[in-house]
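Atoms within a ligand are numbered from 1 in the order they appear, just like the ligands themselves. Positions are given from 1 along the sequence.
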Amino acid sequence: MPTRLTRRTLLLQTAPSLLGGALCGHVAAAGKLLDEQSPEAKALGYKGDASKVDAKTWPKWRPGRTCANCLLYVGLPADTQGGCTLFYGVEVKAAGWCDLWEPKP
Ligand code: SF4
């Protein structure tokens, strides 16, 4: 006898796979670093090591400015890399920098 499909049964049957997919997507994205050679990184002068930034090309860079002390950085102080609200699905190095750096308040 076929089961009557209701909103409740549909939700109960699909929620585990939706949740699993979301978790797997999160795990897959965690740790994946922004490629310095990607167009979006190059457009903003992103370097994983801020000391390697060419200050002539990127005059907003100053010693001591890194992703770790940027307003847009989503990482804990002890983390070597973390998320950036600017770059979806990848992480940036805590020691990195890009031209949209903003100081944390
Ligand atoms: Fe780093 Fe901030 Fe640029 Fe993101 S916006 S890459 S945290 S300097």
Side-chain angles (χ1 to χ4, degrees):
M1 173 187 256
T3 308
R4 190 171 150 241
L5 190 61
T6 64
R7 236 186 312 183
R8 184 165 188 246
T9 55
L10 181 65
L11 186 64
L12 288 172
Q13 289 172 359
T14 58
S17 65
L18 291 174
L19 181 61
L23 291 173
C24 289
H26 176 71
V27 169
K32 183 181 174 198
L33 277 171
L34 173 64
D35 180 0
E36 286 183 12
Q37 299 306 314
S38 67
E40 59 271 29
K42 288 174 90 172
L44 295 173
Y46 171 79
K47 291 286 183 193
D49 179 352
S51 69
K52 301 251 171 40
V53 173
D54 179 357
K56 288 182 182 163
T57 306
W58 303 101
K60 286 167 58 181
W61 181 79
R62 301 281 186 284
R65 290 182 178 179
T66 64
C67 293
N69 57 31
C70 173
L71 178 67
L72 303 179
Y73 184 65
V74 185
L76 299 173
D79 293 343
T80 58
Q81 64 187 61
C84 167
T85 56
L86 195 64
F87 298 106
Y88 178 76
V90 291
E91 294 187 346
V92 296
K93 289 290 219 177
W97 179 89
C98 91
D99 200 45
L100 293 184
W101 180 92
E102 285 291 329
K104 283 187 178 178

### Query
Can you name the side chain to side chain donor-acceptor pair (under 3.5 Å) partners of Thr80, sequence neighbours left out?
none
## Note on the structure
The salt bridge (Lys or Arg N to Asp or Glu O under 4.0 Å) partners of Lys42 (sequence neighbours excluded) come to none
#### Entry: Value rounded to 0.5 Å, distance of CD in Gln81 from OH in Tyr73
7.5 Å
### Between CH2 on residue Trp97 and CG on residue Asn69, distance to nearest 0.5 Å
12.0 Å
### Query
Does Thr85 have any side chain to side chain donor-acceptor pair (under 3.5 Å) partners at least two apart in sequence or in another chain, and if so, which?
none
## Note on the structure
Shell check on atom 4 (Fe) of ligand 1: protein N, O or S atoms less than 2.8 Å away are Cys84 SG
### Message
Quick one, Val92 and Leu86 - any side-chain contact, counting heavy atoms below 4.5 Å?
### Response
no
